[in-house]
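Below is one structure; the comments refer to it alone.
Labels below follow one simple rule: chain letters A, B, ... track the order of the sequence lines, proteins then strands, and each chain is numbered from 1.
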Number of protein chains: 4
Amino acid sequence: MSVIQKGDKVAIVDEKGKRCLLVIDGSKKKVKGFGILDTGNFIGMEYGRKISIGNKHAWILKPSSYDRWGSIKRKAQIILPKDASTIIVNCSIVPGSVVVEGGIGSGSLTIIMAQIVAPNGKIISYEKRKDFLEFARENILNAGVERFVEIKERDITKGIDEKEVDAVVLDIPNPWNVIDHAWNSLKVGGYFCSYTPLTSQVEKTVKELRKRKFIEIRTVENIQREIVVLEKGVRPSFQMLGHTGYLTFARKVLD
Amino acid sequence: MSVIQKGDKVAIVDEKGKRCLLVIDGSKKKVKGFGILDTGNFIGMEYGRKISIGNKHAWILKPSSYDRWGSIKRKAQIILPKDASTIIVNCSIVPGSVVVEGGIGSGSLTIIMAQIVAPNGKIISYEKRKDFLEFARENILNAGVERFVEIKERDITKGIDEKEVDAVVLDIPNPWNVIDHAWNSLKVGGYFCSYTPLTSQVEKTVKELRKRKFIEIRTVENIQREIVVLEKGVRPSFQMLGHTGYLTFARKVLD
Amino acid sequence: MSVIQKGDKVAIVDEKGKRCLLVIDGSKKKVKGFGILDTGNFIGMEYGRKISIGNKHAWILKPSSYDRWGSIKRKAQIILPKDASTIIVNCSIVPGSVVVEGGIGSGSLTIIMAQIVAPNGKIISYEKRKDFLEFARENILNAGVERFVEIKERDITKGIDEKEVDAVVLDIPNPWNVIDHAWNSLKVGGYFCSYTPLTSQVEKTVKELRKRKFIEIRTVENIQREIVVLEKGVRPSFQMLGHTGYLTFARKVLD
Amino acid sequence: MSVIQKGDKVAIVDEKGKRCLLVIDGSKKKVKGFGILDTGNFIGMEYGRKISIGNKHAWILKPSSYDRWGSIKRKAQIILPKDASTIIVNCSIVPGSVVVEGGIGSGSLTIIMAQIVAPNGKIISYEKRKDFLEFARENILNAGVERFVEIKERDITKGIDEKEVDAVVLDIPNPWNVIDHAWNSLKVGGYFCSYTPLTSQVEKTVKELRKRKFIEIRTVENIQREIVVLEKGVRPSFQMLGHTGYLTFARKVLD
């Protein structure tokens with residue numbers, strides 16, 4: 001039996017899948033979407049128990065990787081798990097990997113990748129906009145993955161400091177401007193990845209990659225459908241996100 | 001500069017994305033799809049160089065996670081990266097996770113997950129069919145991830161030995177028969193996942209999950225489209241895999 | 001040059017694709033979504049001209065088939081053009097066809113089909129619910145296709161009067177209950193079609209069809225993506241309807 | 001009871017959905033995919049009966065619209081029913097419509113549209129390549145829809161003769177070169193449609209349309225999934241066509 005202690009960081013997940021992370025310090029806290037939570041009430045309670053918040057139910061859990069991702073605040077479009085997971089597996093990101101990220105956004109992808117490369121790997125994230133950087137830093141601190149992340153206030157199109165990295169992952173409008181920097185920064189066999197919403201961006205990126213020493217150049221789009229189980233049967237959900245971005249992958253070689 | 005040494009295990013990747021893993025022991029080897037490869041010729045060569053095999057080109061690389069997966073031999077339908085990656089992120093599988101797998105198939109998912117949980121985590125895979133088990137073991141040994149995998153010749157519908165595991169992932173025709181075992185085996189907040197091709201399997205699994213102490217029950221289908229860049233523009237590929245399987249997720253709670 | 005005359009029925013289409021049908025009788029009319037329209041102002045105007053309604057633009061056109069469909073009032077889920085068009089072509093519905101429809105809904109499919117079978121064909125629509133029937137009749141009258149439609153306040157699962165019809169098209173929850181009636185009503189080579197949202201409905205319908213004298217039994221799902229052209233490039237729309245219904249087709253034979 | 005007479009044109013459809021059209025003249029005919037068929041044997045037989053051809057079954061039917069389409073010979077990529085049907089409904093093509101087609105291909109779309117506009121409408125098809133034109137003409141004659149089709153050996157980018165047409169439908173690589181001709185040829189409220197595989201073609205077409213007097217400019221992509229019913233349940237087919245073409249629609253106005 002595992003019991004909530006003062007000082008624990010917990011995840012609270014409600015019936016609709018809304019979640020937040022919370023430090024149990026005994027104080028009352030106002031959490032957006034959850035109202036006022038008296039953390040003192042949770043001390044001594046078993047993890048996994050159902051609680052009532054206003055007129056809805058929620059559960060207190062030890063934070064999982066997905067909880068840490070799902071608790072971020074969002075600014076603009078974020079990279080979703082369906083795309084983040086494809087980046088991880090297609091770029092061979094594993095424990096110990098060193099990944100350079102261009103364009104931190106809200107830190108969504110950073111947080112997912114950081115938990116995969118931990119404890120010995122690292123995400124080095126370049127972001128030229130201070131507002132994004134500060135916003136993402138908040139999310140990264142809240143997720144508790146700051147040890148595995150280094151943030152640089154820099155325009156990645158101007159260059160990458162690191163060498164022999166395992167992957168360069170870009171969520172910027174002009175990834176073609178980073179291809180040469182990426183090649184120089186990557187180890188042999190390392191992975192380039194760009195996430196772009198437009199087909200014109202895919203075209204320009206792929207054509208530039210083909211001119212250089214990259215192999216395994218390919219682009220995919222992930223469409224994820226939610227499936228609904230009703231009393232009388234099963235169907236895809238009527239709600240669906242029509243598009244997020246195209247993922248272009250490539251791999252550095254010497255000739 | 002990194003040079004191929006005698007005793008190295010290398011990946012060879014050709015222009016079409018076909019790949020194999022190879023131990024450089026100085027001997028000639030016959031590899032399906034590549035013909036005869038004289039590994040002696042590769043000693044002293046730099047990683048990342050292009051070689052000619054018959055009338056096609058290939059590159060020699062240090063094996064990546066994706067290379068280890070992509071070199072497996074296939075028997076029946078395997079779980080593809082698009083689904084494996086979703087399982088990893090949605091089940092919060094990270095370095096150190098302990099995962100019980102039901103139905104090892106060709107070991108495809110096992111190999112991808114093993115490289116994420118390494119070095120301190122483990123995949124414990126239940127498989128009742130000896131032929132599958134032996135076939136998968138070959139692939140796992142070839143991928144070099146055997147330290148992170150334990151294979152049991154057992155029918156997972158009969159029970160799970162392990163306790164407090166982080167996730168139970170099932171690729172069997174009747175996952176509903178493992179729901180109680182999974183709940184008993186999972187830690188609080190741990191994840192259940194089943195991969196099933198039919199909507200009737202989704203329906204039965206979800207309805208049984210709803211009767212028990214699980215939250216965050218949801219089912220998704222991943223559709224992945226390959227995007228083709230031609231001289232004149234971009235379009236989705238005409239070739240496409242129409243369906244693989246539905247992924248159902250749930251999470252253990254106490255009430 | 002074609003000029004609007006008193007007594008004309010016109011279509012008004014705004015910038016967002018919202019549309020209505022309107023009789024030009026010289027009076028002022030209140031139209032939902034358009035405000036007050038003074039039809040007197042339109043007399044003598046050329047068709048195709050842009051007009052201002054409040055602070056938005058619209059165009060006056062002779063009603064097309066699509067305008068007649070797009071001007072209906074909606075009650076519950078309607079069959080969309082993507083599915084209606086597939087029904088027409090897969091059921092070989094052409095000018096002169098006689099089609100029995102089960103479940104009129106809002107009359108959406110009825111109106112599209114009626115304009116294809118006109119002037120010598122007919123849609124005979126069975127609807128057991130008087131409220132739906134009255135609602136659909138309003139839409140059909142407004143569309144001006146009433147000459148090609150016969151509405152029966154009847155439960156189609158109880159039987160079909162017509163013989164030698166070209167197609168029986170069903171939008172009801174239990175199409176399997178109409179399969180025998182459909183076979184009796186269809187001409188040899190005639191088409192059965194059912195529209196159902198759930199896979200369990202597809203399964204039951206197809207299994208029943210297979211027990212009887214039907215060939216070319218198949219089920220399809222149409223997914224339609226809207227493509228957005230921006231200044232910088234092209235992408236699928238973020239908005240998308242995740243699911244409507246499955247279309248099951250079959251064709252009557254003698255053995 | 002309807003009996004096959006000498007001189008009838010019949011459709012033969014086999015278990016796999018393969019079909020052909022055949023004139024019953026009493027002679028033996030060699031039909032690709034069916035072997036030798038002795039049409040004399042069919043005289044006096046009832047329509048709808050099952051026959052054996054070699055070791056497979058087939059049925060003799062009066063040709064439907066779909067049979068006439070499905071019996072064409074294919075040269076290069078054809079427009080499929082899923083796209084043809086969307087063109088018909090989105091362009092408001094109905095009995096009596098006059099449609100100009102640019103690029104006849106194998107005549108696939110021509111044959112489907114011809115059966116909708118019959119008996120008083122017409123498809124006027126421009127094709128600059130004599131080989132395509134001859135190939136399509138064969139298919140059109142075989143389908144028996146030649147009365148509703150006029151074929152012109154002309155490059156539609158050079159101009160369109162017809163005026164006040166209901167729709168201009170293009171299956172050519174450079175539809176933007178026909179936009180001005182289409183506007184001149186269309187009646188007010190008439191429809192422009194182009195079918196193009198590449199997003200760059202969509203972009204160029206839409207941007208040119210926006211510069212001119214067109215409204216309701218939109219582009220859609222149809223994805224059709226086949227659903228398979230097995231003894232144990234339902235799933236989408238593993239086989240799937242990944243892409244055909246994008247459909248861009250627009251409508252002529254005066255300002």
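Proximity to chain D is limited to the backbone of C:I93, based on heavy atoms less than 4.5 angstrom apart. At a 4.5 Å heavy-atom cutoff, C:R68 makes no contact with chain D through either its backbone or its side chain. D:I112 touches chain C through its side chain: at least one heavy atom from C-beta onward sits under 4.5 Å away, while N, CA, C and O do not. Residue contact with chain D, scored on non-hydrogen atoms closer than 4.5 Å, involves the backbone and the side chain of C:E231 alike. Both the backbone and the side chain of C:Y66 come within contact range of chain D, judged by heavy atoms closer than 4.5 Å. If you measure heavy-atom distances from C:K50 to chain D, the contacts under 4.5 Å come from both the backbone and the side chain. Only the side chain of C:R251 comes within less than 4.5 Å of a heavy atom in chain D; its backbone stays farther off. Residue C:L230 touches chain D through its backbone alone, counting heavy-atom pairs closer than 4.5 Å. Of the atoms belonging to D:Y246, it is side-chain heavy atoms, and not backbone ones, that fall under 4.5 Å from chain C.
Between the CD1 atom in C:I51 and the CG atom in C:N41 there is a gap of 9.0 Å [rounded to 0.5 Å]. Atom CG of C:D166 sits about 10.0 Å away from atom OG of C:S185, to the nearest 0.5 Å. Considering CG of C:L209 and OG of C:S194, their distance stands at 7.0 Å, rounded to 0.5 Å.
Although no hydrogens or angles enter the test, the distance criterion places a donor-acceptor pair under 3.5 Å between the side chain of D:N139 and the main chain of D:S106.
Proximity of C:W176 to C:T196: side-chain heavy atoms (C-beta onward) are nowhere separated by under 4.5 Å. Between C:V228 and C:F238, every side-chain heavy-atom pair lies at or beyond the 4.5 Å cut-off. Considering only heavy atoms from C-beta on, C:V188 stays 4.5 Å or farther from D:W59 through its side chain.
There is a side-chain donor-acceptor pair under 3.5 Å between C:S64 and C:D67.
Summarising the local packing, NZ of C:K163 is surrounded by more than 12 heavy atoms from other residues, nucleotides or ligands at distances under 6.0 Å. Counting non-hydrogen atoms of neighbouring residues, nucleotides and ligands closer than 6.0 angstrom, the CD atom of D:Q239 reaches no more than 12 such neighbours. By the 6.0 Å contact criterion, NZ on C:K56 is enclosed, its count of non-hydrogen atoms from other residues, nucleotides or ligands being greater than 12.
The interface of residues 219-227 of chain D with chain C, defined by heavy-atom distances below 4.5 Å, comprises D:T219, D:V220, D:E221, D:N222, D:I223, D:Q224, D:R225, D:E226, D:I227.
Residue with the most contacts toward chain D among C:K252, C:K187, C:R210, C:K213: C:R210 (heavy-atom pairs, distance under 4.5 Å). Among C:I215, C:V206, C:N90, the residue making the largest number of heavy-atom pairs under 4.5 Å with chain D is C:I215. Per-residue heavy-atom pair counts under 4.5 Å with chain D were compared for C:L61, C:V229, C:V253, C:V89, and the maximum is reached by C:V229. When each of D:E164, D:K207, D:E46, D:H57 is checked for heavy-atom pairs under 4.5 Å with chain C, D:K207 comes out on top.
The pair C:E216-D:R19 counts as a salt bridge, with a side-chain nitrogen and a carboxylate oxygen less than 4.0 angstrom apart.
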